[in-house]
Each structure stands twice: as structure tokens, then as C-alpha cells.
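Input: a single structure, listed below in C-alpha cells.
Note that ligands are numbered from 1 as they come in the structure, with each ligand's atoms numbered from 1 the same way. Here the structure is a predicted model, which means the values were calculated and not measured.
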Amino acid sequence: MIIERAEVIVTSPNRNFVTLRLQTDEGHVGLGDATLNGREMAVVAYLKDHVVPLLLGLDAHKIEDTWQFLYRSSYWRRGPVTMAAIAAVDMALWDIKGKAANMPVYQLLGGASRTGLMAYGHASGVDTEQLFDSIRQHQELGYRSVRVQTGVPGLKAIYGIAAQSMLDGGEERYDHEPARRGPKPAEEDWDTQKYMRHLPTVFEAVRNEFGPDLPLLHDGHHRMTPIQAAKLGKSLEPYDLFWLEDCTPAENQDALRLVRQHTITPLAIGEIFNTIWDIQGLISEQLIDYVRTASTHFGGISPLKKVMDFAAQYQIKSGCHGPTDISPVGFAAQLHVGLAIHNFGIQEYMQHGTRTNEVFQQSMTFENGLLHPGDQPGLGVELDVDGAGKYPYEQAYLPFNRLSDGTVHDW
Ligand code: KDG
Ligand code: MG
């Protein structure tokens, strides 16, 4: 079965997505997600100029060989652009293999290890009242666990807080487009001390209102130093978090050693990691509890399955990154992996917008708080190419932070 056609499709229904569409001489179509939020067109160029010409004429069945060829033959390894491009090829080839075998991809990965995947949603509010409403809304949608992000008194904008339009039920929700459309990134403000003083009071209020059983998560979004993260983890211990995510900048993996020495709050990291070499030591030294790597930014289904199997040897579980900048194709890819592996932990699920769901028709389901990729052959996602064409790319950037003295800070 030969790869006969390869197209890179950019569409922006509720936000920008980059999709690789492969077609074989036997008529099978495979889709892969190559979306890199805020840097989309770099992956488009990598795919169009350097990958598509190499794919035409290859045997579509050779997934591992094609992955190794793209990874090793480039000489310049790793990095989000390269690995998102390779991820898209890997996913598209798994999609094609599933269709050729007439099986959903999870069956090819070993079959289902559970009936569904526990998902967490993004509850948020500028204050406790809004946050409580948001938690209740998520519970009504079926979520059995929630990530909690709130405003901090004295700060204007905070990562993960829904815009008023979302709270009013509007379509332009924060989580559809954390990257904002426009020629320049938006500037936000930040103060770690204020945040660290405020957050434990929020978790105390949430526990008092919702009781001990609701799994609660929090994303520190790379903003603390190691000792600050250690202190925050310790101060959150009474509230029994499911995890504290990205408590320090992800590129300094040694920082987790210090954090771990001081707190038993479970730690999750990995959404910006691209290969096993970013996370190998964190797993083998048991410095984390959840692996956050995403199919799209970690080179696809093949390496995602491998890293989760490696983590399983250390009783570390999966918690794949699932914001709306992972397209429905990338999301489906990690649902298939999550269903098949033994050490599934939790799946982030933000929910795409209406226009995105029209352009990407999905067979996955979300019932009683559990996700399932569905039983269509392959990944279970169809791309409406004409529909995608109605929404051209729009430049968008993630925001960035400055401290009160003007210093740039991690966002
Ligand atoms: O593109 C950046 C987003 O994917 C990121 O800000 C979302 O941290 C995130 C999360 O945990 O979903
Ligand atoms: Mg995160």
C-alpha cells in the first residue's frame, strides 16, 4: 500500500489547526495533527518543504520505519516543530493501518484495558463565586474531576481564566483560543508571591464547598522557582490535589528533584516535551506521578505508547495534554493510546468549539465523565476539506507575562 498523495491543510474554525492528509493507492485516507499553537506555519513549511516530498511512494504500512527515517535522516533531531511534523505522519499512518485492517487504532495497540477514560475539565473564575459556578457547570456536563484556576487579587489577567463571554455562554471562549488572534502577543501581569498566598485559600474554599471526593487539579504553568514550587506543593497538601502541573519551567527537569524532596502533592509535567529524552530521568527517578506528553508534540502515537509503557514500570500514569490546541485528530490519537495502555491516569478534555466539530467529524463519545474514541476503523475522525477551506489561517499568539518592574516572566 503506497502513499500516493500528501496534503497539508490549515484551517481556523474556532482556532488554527494544521492537519496532514495522506492518501494511499488503495484509496485509504489518514489524518495527522501537526498543530503548534502560535507557531503553526513553521510546521506547515517543515511538512510541505521537507517531509511531503519524502513520503510519496513509501509503503504506508511501515509506521515504525517511516518514523525512524524522518527522525534520524534529518540529523537535526527533536524540537517541537520537527516532532509535530513527525507526529502528523505517524498518526496518519496509524489511521490508514486501522482503516486497512477495518479496526479502531486502540485494537491494534493491544485492545481496550478499560471501558472509558476519566476526563478533567477546566473550571475557572475570577473569584470564588464564579469558580464555584464553573465547577457546578462542569459537573452538570458530566465531568467527575476538574482543574481549578482562579483570579488572584491585584492581578489583571490570569492563565486559564475564562473570559466573561464564556461565562455568559458566548461562543468566543477562552479555551477555544488561548492564543489570541492579532499581529502581536497580548501582555499580561504576574506576581508569584500574590499567587502563592492566594491559591491555598481557594482550594480550602473549594474543598469546604464540594467535599473531599472531587478530584481537583491545578496548573502552575511553569511560573515558580523550585523552592517556590516546593512551598506551594506543601501548602496545598491539606486539600489533597490529584496533581500539581508544571510547577516549574519544564526545561529545567532537575528542579523536580528539589520539589519532590519537600512535598507529597502529586506532580505532573510534560506537555511541552518532545521526546523521551526530556522525561526519561523524571520517570526512572520517580520524580513525577503523571506524564503529560501529547501525541501531537511528542512525535505521534508510536512514541506516546512507548513512553507510557516505560512509565508503567515505575507506577507512573498518563495524563495527556488535551487543550483545544490539540486538534480533534491529535485528541483521538491519545484516546486510542489511553484506552489501550494499562497505566492510564486521566485525560484533559477542554471541548472544541461548534465550528471545529463541524470541520472535524468525530466518533469519540463523552458519557458520564468518561471518554471513548469510538469503534470506527482508524482514528475515527473525518476532515471536511471543503468546510476547512472556509476558515483560513489567522495569525495568533499566546500571551506573555511581565512582572511589575517590567521583567518578562514565564507565561
Ligand atoms: O498552547 C498552550 C496551551 O496548550 C497550554 O497553555 C494549555 O497548559 C495548558 C494545559 O494544561 O492545558
Ligand atoms: Mg498545562
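Side-chain contact check for Asn357 and Gln362: at least one donor-acceptor pair (N or O, by modelled atom type) lies under 3.5 Å. In summary, the side chains of Asn16 and Tyr391 do not present any donor paired with an acceptor at a separation below 3.5 Å, with no hydrogens or angles considered.
Listed by number with element, the atoms of ligand 1 under 4.0 Å from a non-hydrogen atom of Trp411 are 6 (O). Near Asn37, meaning under 4.0 Å from one of its heavy atoms, ligand 1 places the atoms 1 (O), 2 (C). Close contacts between ligand 1 and Arg147 involve ligand atoms 10 (C), 11 (O), 12 (O) [criterion: under 4.0 Å to a heavy atom]. Close contacts between ligand 1 and Asp219 involve ligand atoms 8 (O), 9 (C), 10 (C), 11 (O) [criterion: under 4.0 Å to a heavy atom]. Using a 4.0 Å cut-off to heavy atoms of Arg292, the atoms of ligand 1 that qualify are 10 (C), 11 (O). Listed by atom number, the atoms of ligand 1 under 4.0 Å from Glu245 heavy atoms are 11 (O).
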Carefully, step by step, assess Asp65 and Lys62 under the rule salt bridge (Lys or Arg N to Asp or Glu O under 4.0 Å).
-> CA-CA 5 Å; Asp65 182 69; Lys62 292 188 173 179; 5.0 Å; no
What's the verdict on side chain to side chain donor-acceptor pair (under 3.5 Å) for Arg181 and Ser12, showing C-alpha distance, side-chain angles and the deciding distance?
-> CA-CA 11 Å; Arg181 295 172 192 226; Ser12 192; 3.2 Å; yes
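Residues Leu383 and Ala388 approach most closely at CD1-CB, 4.3 Å, considering heavy atoms.
Judged by the 6.0 Å and 45° rule, Arg15 forms a cation-pi pair with Phe17.
Contacts between Asp246 and ligand 1, counted as non-hydrogen atom pairs separated by less than 4.0 Å, are absent for every part of the residue.
Geometrically, ligand 1 and Asp325 share a nitrogen or oxygen pair separated by less than 3.5 Å. In terms of N/O distances under 3.5 Å, ligand 1 is approached by His321. Ligand 1 has a nitrogen or oxygen under 3.5 angstrom from a nitrogen or oxygen of Glu271.
Not a single heavy atom of Met350 sits less than 4.0 Å from an atom of ligand 1.
Between Val148 and Phe203 the shortest side-chain heavy-atom distance falls below 4.5 Å.
Ring to ring, Trp190 and Tyr195 are close: their centroids are under 6.0 angstrom apart. Side-chain rings of Trp243 and Tyr120 approach one another, their centers coming within less than 6.0 Å.
Among the atoms of Glu271, an N, O or S atom is found under 2.8 Å from the Mg ion (ligand 2).
Angle OE2(Glu245) to the Mg ion (ligand 2) to OD2(Asp219): 90° [nearest 10 degrees].
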